[in-house]
Protein chains: 2
Amino acid sequence: MPRTESAITNFHGFLQDQGLKLTSERAALVREIFSIHYHFEADELLFKMKEKSVKISRATVYRTLELLVKSGLVRRVHLGEDHYHYEHVSGDSHHDHLVCTTCGGVIEFLDEPLEKRALEICEKKKFRPTFHNLQILGICDSCRRKGEEPEAPDRVTMIAARAMKLRK
Amino acid sequence: MPRTESAITNFHGFLQDQGLKLTSERAALVREIFSIHYHFEADELLFKMKEKSVKISRATVYRTLELLVKSGLVRRVHLGEDHYHYEHVSGDSHHDHLVCTTCGGVIEFLDEPLEKRALEICEKKKFRPTFHNLQILGICDSCRRKGEEPEAPDRVTMIAARAMKLRK
DNA sequence: AGTTAATTGCGACTGAGTCTCAGACTCCGG
DNA sequence: CCGGAGTCTGAGACTCAGTCGCAATTAACT
């Protein structure tokens, strides 16, 4: 799977166009990001690098993510609550998200008629779209089956889930 | 315009159902919120109260907003970047947003075919939606006209714009 | 190899949002 | 109309994501 290396090449090209440099830190981050086939958070990435004993500072992680977003190799997504999540762009394209408020799971989808309709709306409003972001919050099938509406939308477990992430 | 008072009545009902109380602070916040006919941020609300010399602490503002969201009288929206924005629900319903990345302006819209399509997608995926949130980022008509693509998406001015908001 | 501008890490900082707890208030029953 | 139980408030400390400034380092072109 040479996807990762081609991503680095792409990124390198982008950096050169901007008069910027491809450093070992940046390359390592791209490699890591393209091995994560899911959404991730900035601090999660930082933590993974630390686990692998690749020393990269928080600032660099954030700076690199910003560059990657600008280059188009990585996309920023809002999922349900809180702060940002990221995902790498796999050559192919855009999709939207169904986010389960009970288990936190995310289902991706791409729906042509919906995309088309969104463009028509923009046209009507004379708005030139560059990107869009649709999340539908709700309850996924499996959560619905086990226990109808298992209480509050589980802020608690989501927080607990990330409590482990020691900082620094 | 008795909308505000009926909102307070609604909220009172909601609170009672939960065994909670309608305090003067909560009422004042509801009154303020229903006089803002646009999106606002939590700290902005705090600031407005301060301006009017109605003393309400930050904690109370956040706590009340949470209750209002739960009660359905206020909606949380993501707009473009950063943190949350809120808007009151005006009896009528849901809408989505076109957000201009140049001037920060927001155009609201409600499009039936699009809403319908979103529901169909949920059905297909056996997902029970409770809410959705669509933002389309791009360039609005007037920004497009004056100067094609006036540089970077103006993070700077957005930050400057809020720099004035002294804390406390 | 040398130069120079870009990059890094560090630690301090910011800003939104949360938590704790003592004192204040609401609301209900009497 | 009063008292008590339990909710609510304000203040300030705290958290957590993200940013910034700066001195030391490094990529990349010559």
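In what follows, every chain begins at residue 1, and chains take the letters A, B, ... in the order their sequences are listed. All values reported here derive from a predicted model rather than from experimental measurement.
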Problem - Quiz item: cation-pi between B/Arg76 and B/Tyr84, 6.0 Å / 45° - result: yes
Fill in the blank from the handout: note: B/Asp43, atom CG; C/dT14, atom C1'; distance rounded to Å ~ 12 Å
Give me the distances for all protein-to-nucleotides 1-4 of chain D N/O pairs that come in under 3.5 Å?
none

Problem - Validation row: A/Val74, A/Glu87 side chains within 4.5 angstrom (heavy atoms) - result: no
Practice task
May I ask you to evaluate whether B/Tyr62 reaches the phosphate of C/dT18, defined as a side-chain N or O under 4.0 Å from OP1 or OP2?
Solution key: no
Problem - Under-4.0 Å salt bridge between A/Arg58 and A/Asp43 - result: yes
Handout entry: Between D/dG12 (P) and B/Leu46 (CG): distance, integer Å
Key = 14 Å
Handout entry: Nucleotide-resolved protein contact map, nucleotides 21-30 of chain D, B/S/- at heavy-atom distance under 4.0 Å
Key = B-----BS--
Exercise for the section: In whole angstrom, give the distance that lies between atom CD of A/Glu66 and atom C1' of D/dC20. Expected result: 12 Å
Handout entry: Distance-minimising heavy-atom pair for B/Lys126 and A/Arg144
Key = O-NH2, 3.0 Å
Exercise for the section: Look at the side-chain N and O atoms of A/Lys50 and state whether any lies under 4.0 Å from the OP1 or OP2 oxygen of C/dG9. Expected result: no
Exercise for the section: Go through A/Glu51 and A/Lys48 one step at a time and tell me if the salt bridge (charged side-chain N to carboxylate O under 4.0 Å, His left out) criterion holds. Expected result: CA-CA 5 Å; A/Glu51 267 181 340; A/Lys48 274 178 197 270; 5.8 Å; no
Practice task
State, to the nearest 10°, the angle formed by the axis through the first five base pairs of the helix from C/dA1-D/dT30 to C/dG30-D/dC1 and the axis through its last five.
Solution key: 30°
Problem - Among D/dG10, C/dG17, D/dT19, the nucleotide that comes nearest once only the side chain of A/Arg58 is considered - result: D/dT19
Enumerate donor-acceptor pairs with a distance under 3.5 Å from any side-chain N or O in residues 16-24 of chain A to protein atoms, sequence neighbours excluded.
unit_1	atom_1	unit_2	atom_2	d
A/Thr23	OG1	A/Glu25	OE1	3.4
A/Thr23	OG1	A/Arg26	N	3.2

Handout entry: Partner residues of B/His39 under the ring pair (Phe, Tyr, Trp, His ring centres under 6.0 Å) criterion, sequence neighbours left out
Key = B/His97
Practice task
State whether the side chain of B/Glu44 and the backbone N or O of B/Glu41 hold a donor-acceptor pair below 3.5 Å, judged by distance alone.
Solution key: yes
Completion exercise
A/Glu41 CD to D/dG18 C1', in whole Å, measures 13 Å
Handout entry: Rounded distance (Å) that lies between atom C1' of C/dA6 and atom CZ of A/Phe14
Key = 14 Å
Problem - Atom pair distance, as rounded to whole Å: CD1 in B/Ile56 and P in D/dG12 - result: 17 Å
Exercise for the section: Report the distance from atom CZ of A/Phe40 to atom P of D/dA17, rounded to the nearest whole Å. Expected result: 15 Å
Exercise for the section: Ignoring hydrogens and angles, state whether a donor on the side chain of B/Thr9 or B/Ser6 is under 3.5 Å from an acceptor on the partner side chain. Expected result: no
Completion exercise
Note: with side-chain heavy atoms under 4.5 Å as the link, the other cluster members for A/Ile121 come out as A/Leu98, A/Ile107, A/Phe109, A/Leu114, A/Phe127, A/Leu134, A/Ile136, B/Leu98, B/Ile107, B/Phe109, B/Leu114, B/Ile121, B/Phe127, B/Leu134, B/Ile136
Fill in the blank from the handout: Which of B/Phe34, B/Phe40, B/Phe11 passes ring-ring contact (aromatic ring centres under 6.0 Å, His included) with B/His88? It is B/Phe34
Practice task
Taking only the side-chain nitrogens and oxygens of B/Arg26, find out if one of them lies under 4.0 Å from OP1 or OP2 of D/dT9.
Solution key: yes
Exercise for the section: Please report, rounded to the nearest Å, how far the C1' atom of D/dA17 is from the CZ atom of A/Phe47. Expected result: 16 Å
